[in-house]
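First up is the structure itself, then whatever we jot down about it.
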Amino acid sequence: MKTYRDEGIVVRTHKLGEHDRIITLLTKNHGKVRAVAKGVRRTKSRFGAKMEPFSHADILFYRGRTLDVVTQVESIHAYGAEIAWDFDRYTCGAVLLETADKLVLEEGIPDTAQYRLLHGALHSLANNEHRPELIVAAYLLRAMAIAGFELSTRDCASCGADGPHDAFSIPAGGTVCMACRPPGSAAPSRAAIGLLDSLLAGDWDGADEQTEGTRHETKSLASAHAQWHLEHRIKSLSHI
């Protein structure tokens, strides 16, 4: 069929010519989609504001030879309006979009789990449900787990020995026992390891009440884990 409809989240845009943009979206049923939004940069564009980063919309696409074309847009959630006014939430939201863009590489292949996770994280961020840096940490941990890189927070990542363990190695995959501990392993606090475990499981009870030091340590470990397996630096993290 020449046309198809799907709902998606705008993760990135860049200019094309004088009036157009190429929009990169993570969609519910078609995975990553790159499409041209013609005339979207004109002041009188019918859907310019609906095709900004963080936008969640129902979109009608026309299949093109190289890139699809956006022909109709209906806004579902204008997350950008809730996120962009607050610097902390905006920078954390940028991490979510950049990670999703780097993590989902193949275009046109459905990845419903990643789409739902991104949607849920943006909804939580827009509604200020939890501390922004913890939403980022939880998203990074769970997105990498969906991609097949789940962090070990209890048993030894190398030999599987029952935990808890005090040593932590990003290359090894998480907590490690003393027998498997590689040189240069970190020794994070038990509170940070416990918070990593809770966020990975989606258990938010008491997470927002953790000390600032524990929250920072947890976010740093989750960020290091994600960037190691992505083999790319997440540039937006430097602004948090």
Side-chain angles (χ1 to χ4, degrees), residues 1-84 90-123 125-126 139-140 142-144 146-149 226-227 229-237:
M1 296 180 64
K2 286 291 185 180
T3 61
Y4 65 97
R5 182 181 293 275
D6 203 350
E7 64 178 70
I9 296 168
V10 179
V11 298
R12 183 160 56 95
T13 69
H14 62 270
K15 297 177 182 179
L16 178 67
E18 293 185 7
H19 305 294
D20 307 335
R21 276 199 181 110
I22 295 178
I23 312 293
T24 303
L25 307 104
L26 184 58
T27 66
K28 183 177 181 180
N29 300 309
H30 295 84
K32 180 185 281 188
V33 172
R34 294 173 69 245
V36 177
K38 295 186 176 180
V40 74
R41 292 164 57 201
R42 296 180 185 271
T43 56
K44 295 183 179 179
S45 172
R46 292 175 297 141
F47 49 77
K50 301 173 184 177
M51 288 280 92
E52 294 293 331
F54 302 112
S55 296
H56 178 214
D58 183 277
I59 308 162
L60 183 66
F61 298 93
Y62 178 84
R63 296 187 187 275
R65 291 184 178 180
T66 55
L67 292 173
D68 296 345
V69 178
V70 175
T71 60
Q72 183 179 332
V73 181
E74 295 294 334
S75 179
I76 301 176
H77 295 103
Y79 289 131
E82 301 296 329
I83 293 173
Y90 177 79
T91 53
C92 287
V95 173
L96 305 184
L97 298 188
E98 184 182 349
T99 303
D101 188 31
K102 292 182 184 299
L103 191 57
V104 182
L105 297 176
E106 297 292 334
E107 296 181 23
I109 299 178
D111 198 335
T112 306
Q114 291 289 359
Y115 168 79
R116 288 178 175 172
L117 181 65
L118 177 62
H119 184 197
L122 288 177
H123 184 275
L125 194 62
Y139 173 79
L140 293 176
R142 299 178 74 181
M144 298 312 297
I146 291 172
F149 305 109
Q227 291 179 115
H229 290 290
L230 283 172
E231 298 181 351
H232 285 285
R233 184 170 67 92
I234 302 173
K235 297 178 182 179
S236 304
L237 279 170

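What you see is a predicted model, and the numbers here were worked out from it, not measured in a lab. The first residue of the sequence shown is numbered 1, and numbering continues consecutively from there.
Thr27 contributes atom OG1, which lies 11.0 Å from atom NZ of Lys32 (distance to the nearest 0.5 angstrom). We find the NZ-CG distance between Lys102 and Leu97 to be 12.0 Å, quoted to the nearest 0.5 Å. Going from atom CD of Glu82 over to atom NE2 of His123 covers 10.0 Å, rounded to the nearest 0.5 Å. A distance of 12.0 Å separates CG of Leu125 from OH of Tyr139, quoted to the nearest 0.5 Å. Leu25 CG to Met51 CE: the interatomic distance, rounded to the nearest 0.5 Å, is 5.5 Å. In this structure, Cys92 SG and Leu122 CG are separated by 11.5 Å, a value rounded to the nearest 0.5 Å.
At least one donor-acceptor pair under 3.5 Å links the side chain of Gln114 to the backbone N or O of Ala143. When atom types are taken as modelled, the side chain of Arg41 and the backbone of Gly17 share a donor-acceptor pair closer than 3.5 angstrom. Counting only distance, with no hydrogens or angles, the side chain of Lys28 and the backbone of Glu7 share no donor-acceptor pair below 3.5 Å.
Side-chain contact check for Met144 versus Leu103: some heavy-atom pair is nearer than 4.5 Å. By the 4.5 Å heavy-atom criterion applied to side chains, Thr99 and Leu118 are not counted as neighbours. Using a 4.5 Å heavy-atom threshold, the side chains of Tyr4 and Asn29 count as separate. Between Thr3 and Thr71 the shortest side-chain heavy-atom distance does not fall below 4.5 Å. Within the 4.5 Å cutoff, no side-chain heavy atoms of Arg21 are placed close to those of Leu16. A 4.5 Å side-chain heavy-atom check between Val33 and Asp6 finds every atom pair outside the cut-off.
Looking at every heavy atom in both residues, Lys50 comes nearest to Ser55 through O-CB, 3.3 Å. The nearest pair of heavy atoms linking Ile23 to Ala37 is CG1-CB, 3.8 Å. Closest approach of Tyr90 to Phe54, counting heavy atoms only: CE1-CE1, 3.6 Å. The two residues Ala35 and Val70 make their nearest non-hydrogen contact at CB-CG2, 3.9 Å. When all heavy atoms of Ala57 and Ile76 are compared, the pair lying nearest together is C-CD1, 3.7 Å.
Listed by chain and number, the residues in a side chain to side chain donor-acceptor pair (under 3.5 Å) with Ser236 are Glu98 (sequence neighbours excluded).
At a cut-off of 3.5 Å, with distance as the only test, no side-chain donor of His30 or Tyr115 sits close to an acceptor on the other residue.
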Could you pull out every donor-acceptor pair under 3.5 Å between side chains of residues 8-15 and any protein atom, sequence neighbours left out?
| residue | atom | partner | partner atom | Å |
| --- | --- | --- | --- | --- |
| Arg12 | NE | Asp101 | OD2 | 2.7 |
| Arg12 | NH2 | Asp101 | OD2 | 3.4 |

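In Arg116, the CZ atom is not crowded: 12 or fewer heavy atoms of neighbouring residues, nucleotides or ligands sit closer than 6.0 Å.
The aromatic rings of His56 and His77 lie parallel to each other, with less than 30° between the two planes, well short of the 60° mark.
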